[in-house]
Amino acid sequence: MTVRRACGGSATRVALSVRATRLLVVARSAGSPLSFRPKPGSIPDSPGVYRFRDARGRVIYVGKAKSLRQRLNSYFADFSALHPRTQTMLTTAADVDWTVVGTEVEALQLEYSWIKEFDPRFNVKYRDDKSYPYLAVTLGEDFPRVQVMRGAKRKGTRYFGPYSHAWAIRETVDLLLRVFPVRTCSAGVFKRAGQIGRPCLLGYIDKCSAPCVGRVTPEEHRTLAEDFCDFMAGNTSRFIKRLEKEMRDAASEQEYERAARLRDDIQALQRALEKQAVVLGEGTDADVIALAEDPLEAAVQVFYVRGGRIRGQRGWVVDKVEESTPGELVEQFLLQMYAEAAPESMPREVLVPAMPPDSEAVAELLGEQRRARVDVRVPQRGDKRALMETVERNAKESLAQHKIRRASDLTTRSKALQEIADALDLDQAPLRIECYDVSHLQGENVVASMVVFEDGLARKSEYRRFAIKTKEGDVASIYEVITRRFRRYLEERSATGELAPDDQDAHGPIDPETGKPRKFAYPPNLVVVDGAGPQAAAAQRALDELGIDDVSVCGLAKRLEEVWLPGDDQPVIMPRSSEGLYLLQRVRDEAHRFAITYHRSKRSKTVKESALDGVPGLGPARRQALLRHFGSVKKLREATAPEICEVPGIGPSLAEVIVSTLKGDSP
């Protein structure tokens with residue numbers, strides 16, 4: 001079989017050795033994986049690539065495997081044990097076919113080619129979270145031009161970046177044009193200047209060599225453009241050394257004005273270099289890739305390091321339509337990012353957060369693309385590890401900003417609320433959602449959080465936190481926090497007169513004295529608890545015991561993102577692309593974050609507590625004096641009352657109290 005693979009903008013053929021015939025298993029009936037399961041023994045135990053198709057013949061998923069037999073059998077062995085997203089893919093599929101290849105590298109090549117050709121709906125596809133600008137030099141033109149470019153890359157153009165902002169490119173170009181006066185004007189301006197025989201303003205201020213009017217030959221102008229590219233590619237020292245030599249020569253010949261111009265040129269190059277931070281050793285060429293993910297989405301950030309300096313940055317966001325490990329996400333990203341890259345743009349080293357499952361095959365494939373060795377590894381220590389942590393922080397921030405942009409859209413929020421109402425069979429969209437989560441460390445410092453989302457947006461002024469009194473597990477904690485919250489709600493209703501006769505004054509949920517909403521006066525339309533069926537049942541039991549029947553309850557299990565209703569044996573599976581599931585996940589994650597924050601603050605206070613805090617009559621100053629004198633509570637516990645009396649400010653009676661308290665006796 002022959003597959004086309006794009007390389008540097010031109011299609012090249014990659015021949016894949018097919019050692020077995022291609023087998024197509026036609027579906028007997030769509031909707032059941034057993035209807036198109038291959039016959040036992042018909043799947044070869046060889047590396048290859050497989051495709052699942054739907055009833056119309058469209059490819060919906062492409063995968064590769066070291067052993068086709070083991071991988072495909074895993075899909076048909078136990079349907080109930082599969083991840084819900086994989087179950088959805090299998091129920092959508094109607095047939096499967098595969099191609100056997102010779103090596104894992106060929107499998108990677110064929111997998112990427114098929115993903116690009118068929119665009120399967122269940123495969124991971126990375127997309128830019130915004131359009132990044134590049135610094136481009138159009139070397140394919142007779143008179144190369146320096147410009148800012150976005151979008152698809154063009155053949156015959158050298159790219160540098162990407163940059164986070166276009167103004168950063170323009171500042172760098174403005175500095176470099178003093179030394180490399182390359183054309184920057186458009187084709188129309190260039191043609192008109194040649195017709196009238198007069199250059200533009202940049203030609204008069206020596207920031208363009210004016211090839212339009214023949215001040216330099218096409219060869220001389222191309223040399224300037226190539227020197228510009230060399231400087232941007234990291235070969236900076238030779239240009240600065242050359243200018244410094246010319247400056248010294250001009251000064252020795254008493255050409256001081258020319259020496260001053262050369263000095264200014266050197267300073268311009270140095271300022272351009274200062275804009276690109278030095279992060280690694282000189283000569284280091286690496287792409288540093290970091291990943292931030294949640295069960296629904298993942299964000300990838302890349303820092304491009306050339307010559308030890310950060311030359312650019314770029315980000316992607318992907319919807320996770322199937323369960324994937326970090327290594328699998330990294331592998332898919334490397335294939336999609338570098339499959340069409342030009343050899344000169346490939347780095348010598350790729351630093352990743354997790355190794356791909358077929359790391360050797362990936363490294364070999366990247367080496368073929370670069371036409372030289374490419375190392376793929378996870379940095380463990382030193383400057384490269386520190387840079388990886390910086391890129392990880394950028395990835396987390398990128399994912400957070402993406403969530404904020406997605407959540408802030410009114411149409412999306414309305415759709416999400418309606419999808420939740422439809423999935424949970426609610427009478428109306430849940431305009432107010434409260435989510436509860438419990439946090440503890442081995443049963444100690446148990447706390448719970450309550451977060452509120454109104455109209456799909458966080459209402460942080462309504463957040464509440466609880467110190468849990470029971471220590472009987474998460475289910476009992478959920479029962480306690482729901483009981484306490486809605487008991488307060490009933491008390492507030494009674495206080496506002498909502499439970500009183502019609503002729504009694506009622507102020508509603510607003511406190512008439514302060515004019516502010518009462519803490520627990522607003523009931524939610526939906527209560528979400530972090531957990532599965534037992535947690536949801538505990539929340540429903542608390543509401544039933546309080547006589548509240550107008551609040552719906554559900555649980556959201558984190559492992560598989562399943563929605564559980566009280567009393568149901570099976571969860572509600574919402575589509576992975578559902579805006580409703582995305583909103584529920586965001587609410588749950590916010591409750592988890594708020595609970596963790598409170599738990600950590602309580603735990604830190606507990607750590608700071610001392611056994612001396614419980615001694616009656618012992619203030620902070622005397623506690624400090626005792627610790628300074630004995631050095632630790634352990635030594636103080638071993639001391640006698642007369643020895644404790646030696647500490648200034650401690651009398652006999654207080655010493656006896658200290659001894660009794662530290663020994664566990666009642667003072």
Side-chain angles (χ1 to χ4, degrees), residues 6-12 128 131-163 165-236 238-239 242 265 268-269 272 275-276 304 306-307 311-312 314 338-346 369-371:
C7 178
S10 63
T12 61
D128 283 348
S131 178
Y132 285 84
Y134 285 82
L135 172 58
V137 183
T138 58
L139 295 175
E141 299 181 2
D142 293 335
F143 294 94
R145 174 190 176 193
V146 175
Q147 63 183 116
V148 178
M149 294 187 71
R150 298 177 186 265
K153 294 184 178 180
R154 305 174 186 174
K155 183 180 179 180
T157 300
R158 185 83 180 271
Y159 291 89
F160 302 94
Y163 292 80
H165 301 285
W167 55 261
I169 303 178
R170 296 189 178 95
E171 284 186 354
T172 300
V173 170
D174 186 62
L175 291 169
L176 296 182
L177 288 180
R178 286 185 56 94
V179 185
F180 311 106
V182 187
R183 166 198 163 205
T184 58
C185 59
S186 64
V189 173
F190 184 83
K191 182 178 179 180
R192 176 167 175 76
Q195 291 173 343
I196 65 177
R198 189 171 67 245
C200 62
L201 176 62
L202 292 179
Y204 284 107
I205 63 176
D206 296 329
K207 286 195 173 182
C208 179
S209 56
C212 54
V213 295
R215 287 186 185 175
V216 295
T217 64
E219 293 76 15
E220 291 172 338
H221 185 265
R222 179 166 293 275
T223 300
L224 285 173
E226 291 174 350
D227 288 346
F228 181 95
C229 292
D230 285 346
F231 184 89
M232 289 301 302
N235 302 322
T236 59
R238 70 184 182 94
F239 295 106
R242 186 187 71 187
D265 290 348
L269 294 184
K275 291 179 177 296
Q276 300 165 346
Y304 301 93
R306 300 294 183 270
R311 302 288 181 176
R314 193 175 181 184
Y338 294 116
E340 301 180 5
E344 62 271 13
S345 67
M346 297 280 292
Q369 189 75 17
R370 183 175 179 258
R371 301 169 190 168

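Under the 4.5 Å side-chain criterion, counting only non-hydrogen atoms from C-beta, Y338 is not in contact with R370. In this structure, C208 and L177 have side chains that are not in contact, with every pair of non-hydrogen atoms separated by 4.5 Å or more.
When all heavy atoms of M149 and A136 are compared, the pair lying nearest together is SD-CB, 3.3 Å. Considering every non-hydrogen atom in both P199 and Y204, the closest pair reads O-CE1, 3.4 Å. Contact record, F228 with V182: CB-CG2, 4.3 Å, taken as the closest heavy-atom pair. The shortest non-hydrogen separation linking A193 to C212 is CB-SG, 3.7 Å.
Side-chain atoms of R215 come within 3.5 Å of backbone atoms of G203 as a donor-acceptor pair (strictly under, hydrogens ignored). Without hydrogens or angle criteria, R222 side chain to L139 main chain gives a donor-acceptor distance under 3.5 Å. In this structure, R183 contributes its side chain and P144 its backbone to no donor-acceptor pair below 3.5 Å.
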One pair to check against side chain to side chain contact (heavy atoms under 4.5 Å, CB included): V216 and F143. What are the steps and the verdict? CA-CA 11 Å; V216 295; F143 294 94; over 6 Å; no
Stepwise side chain to side chain contact (heavy atoms under 4.5 Å, CB included) check, L202 with C185: CA-CA 9 Å; L202 292 179; C185 59; over 6 Å; no
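Note on residues 190-200: no pairs pass salt bridge (Lys or Arg N to Asp or Glu O under 4.0 Å), not counting sequence neighbours.
Here the straight-line distance linking atom SG of C200 with atom CZ of F190 works out to 10.0 Å at 0.5 Å rounding. Taking CZ from R145 and OG1 from T184, the interatomic distance works out to 7.5 Å, rounded to the nearest 0.5 Å.
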